[in-house]
Amino acid sequence: TDEEEEDFKEVFAFEFSDRPLLPCYNIQVSLSQGPRNWLLLSDVLKRLKMTSRGFRCSFSHIEVVTITEAEFYKQASLSQLLTCPEDLEAFVPDSKELLDLVEFTGEVVRLLGSTLECLDEKRGAATVSLDRS
Amino acid sequence: FDHSKAHYYRYDEQISLCLERQSSSVGKDKNKFTLQQKYVRCSSRAEVRHLKRVLCHKLHVDRHQVQILFNNESLPDHMTMKQLWLSRWFGKSPPLVLHFSIKDKRGR
């Protein structure tokens with residue numbers, strides 16, 4: 001709901017996992033919205049041991065967006081946090097191939113087996129488990 | 001586009017951390033204060049104090065007991081994860097490895 005949406009903006013969300021986290025990329029996929037965080041669908045499928053078709057059937061409400069590899073590379077390589085050459089070496093800078101992305105949301109995080117903790121600054125030290133997408 | 005939501009923390013670049021208990025602070029009970037889910041991701045604007053609070057919640061300890069360390073250096077509360085990454089981890093692959101130590105309550 002809008003109310004939940006309002007609540008969520010005030011909190012820092014922390015994802016906790018017992019497995020190494022999948023890479024997350026801050027990318028603007030459309031001119032109608034600012035940069036968001038995305039996971040590569042291929043990474044998600046590997047982690048969930050699912051096929052693309054299976055994923056789209058099981059989670060038809062989760063939007064999969066596409067972006068050219070070149071555009072993805074261009075944006076990802078601007079990050080000050082992705083400065084290790086290995087981070088982007090799997091991508092071809094001028095490729096017109098399309099990459100499938102899934103937005104990094106609470107629902108996807110839980111799907112991957114992580115837990116989310118959120119810190120509400122307004123309420124001081126209170127920390128609550130975030131159990132919504 | 002709608003700029004009114006652009007400041008949301010969830011749209012920030014995310015930082016990937018690995019949070020391990022400092023080995024020298026492991027006492028007799030090795031499982032005590034061990035973080036099972038040691039891989040952590042958060043906004044690059046999150047500060048050390050925020051991480052401390054969440055850690056306290058996870059480990060059920062008082063926030064004065066927790067210290068976050070990078071290479072044995074205790075990190076200041078107001079340092080953001082982005083500052084930390086750029087000053088200590090630039091050019092390296094994620095996750096940024098941090099340690100934490102839990103002081104005994106009696107030692108306060």
Side-chain angles (χ1 to χ4, degrees), chain A residues 5-28 30-39 76 78-89 103-106 109 112-121 123-130, chain B residues 1-20 34-64 66 80-97:
Chain A
E5 191 88 346
E6 279 302 297
D7 277 340
F8 195 26
K9 73 174 177 182
E10 299 294 344
V11 302
F12 280 113
F14 289 79
E15 176 188 359
F16 284 82
S17 172
D18 54 3
R19 304 170 73 185
L21 298 165
L22 299 179
C24 179
Y25 304 92
N26 196 256
I27 303 281
Q28 183 171 8
S30 104
L31 292 175
S32 62
Q33 59 173 218
R36 302 269 197 273
N37 289 302
W38 304 91
L39 305 174
L78 290 174
S79 167
Q80 289 181 300
L81 306 176
L82 288 177
T83 47
C84 177
E86 290 156 26
D87 295 337
L88 292 173
E89 71 180 3
E103 190 167 356
F104 175 71
T105 60
V109 163
L112 292 166
S114 298
T115 54
L116 272 181
E117 299 286 342
C118 80
L119 185 64
D120 187 340
E121 281 211 279
R123 291 176 198 150
T127 309
V128 292
S129 287
L130 183 73
Chain B
F1 62 85
D2 179 9
H3 289 272
S4 66
K5 293 179 180 177
H7 65 287
Y8 287 10
Y9 296 130
R10 61 176 146 149
Y11 300 143
D12 290 346
E13 262 200 283
Q14 302 288 304
I15 299 266
S16 186
L17 309 168
C18 178
L19 205 50
E20 293 184 321
T34 296
L35 197 59
Q36 298 300 333
Q37 294 179 306
K38 65 177 186 173
Y39 296 100
V40 182
R41 175 148 44 210
C42 62
S43 156
S44 53
R45 278 191 288 164
E47 296 174 14
V48 169
R49 65 192 174 100
H50 298 129
L51 184 61
K52 269 187 189 174
R53 272 201 216 151
V54 173
L55 193 59
C56 290
H57 174 76
K58 287 287 246 191
L59 299 174
H60 308 291
V61 295
D62 191 281
R63 71 188 161 106
H64 300 290
V66 175
T80 65
M81 293 302 128
K82 185 163 183 176
Q83 280 178 295
L84 185 58
W85 186 284
L86 295 179
S87 61
R88 311 288 199 282
W89 207 256
F90 189 83
K92 295 189 190 177
S93 258
L96 190 168
V97 180

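These numbers were taken from a predicted model, which means no experiment stands behind them.
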Is chain B contacted by the side chain of [X], its backbone, both, or neither, given a heavy-atom distance below 4.5 Å?
| X | result |
| --- | --- |
| A:Ser79 | both |
| A:Gln80 | both |
| A:Phe104 | side chain |
| A:Leu81 | both |

**Message:** Need one label for B:Leu51: side chain, backbone, both or neither, based on atoms under 4.5 Å from any heavy atom in chain A.
**Reply:** both

**Request:** Sort B:Ala6 into side chain, backbone, both or neither according to what part of it lies under 4.5 angstrom from a heavy atom of chain A.
**Result:** neither

Compare every heavy atom of [Y] with every heavy atom of [X], then report the nearest pair and how far apart it is.
| X | Y | value |
| --- | --- | --- |
| B:Cys42 | B:Leu17 | SG-CD1, 4.3 Å |
| B:Lys92 | A:Asp87 | O-OD2, 4.3 Å |
| A:Leu116 | A:Ala13 | CD2-CB, 4.3 Å |

**Message:** Please rank B:Ala46, B:Ser43, B:Ser44, B:Cys56 by heavy-atom pairs under 4.5 Å with chain A and give me the top one.
**Reply:**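 Option with the top pair count is B:Ala46.
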
**Prompt:** Picking from B:His50, B:His3, B:Lys38, B:Gln14, which has the most non-hydrogen pairs under 4.5 angstrom with chain A?
**Reply:**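 Among the listed options, the one with the most contacts to chain A is B:His50.
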
**Prompt:** Parallel under 30°, tilted from 30 to 60°, perpendicular over 60°: which one fits the rings of B:His60 and B:His57?
**Reply:** tilted

**Asked** Would you say B:Arg41's side chain and A:Leu22's backbone share a donor-acceptor pair under 3.5 angstrom?
**Response**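 Yes; judged by distance alone, with no hydrogens or angles, the pair exists.
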
**Asked** Is any side-chain heavy atom of A:Leu39 closer than 4.5 Å to a side-chain heavy atom of A:Glu103?
**Response** no

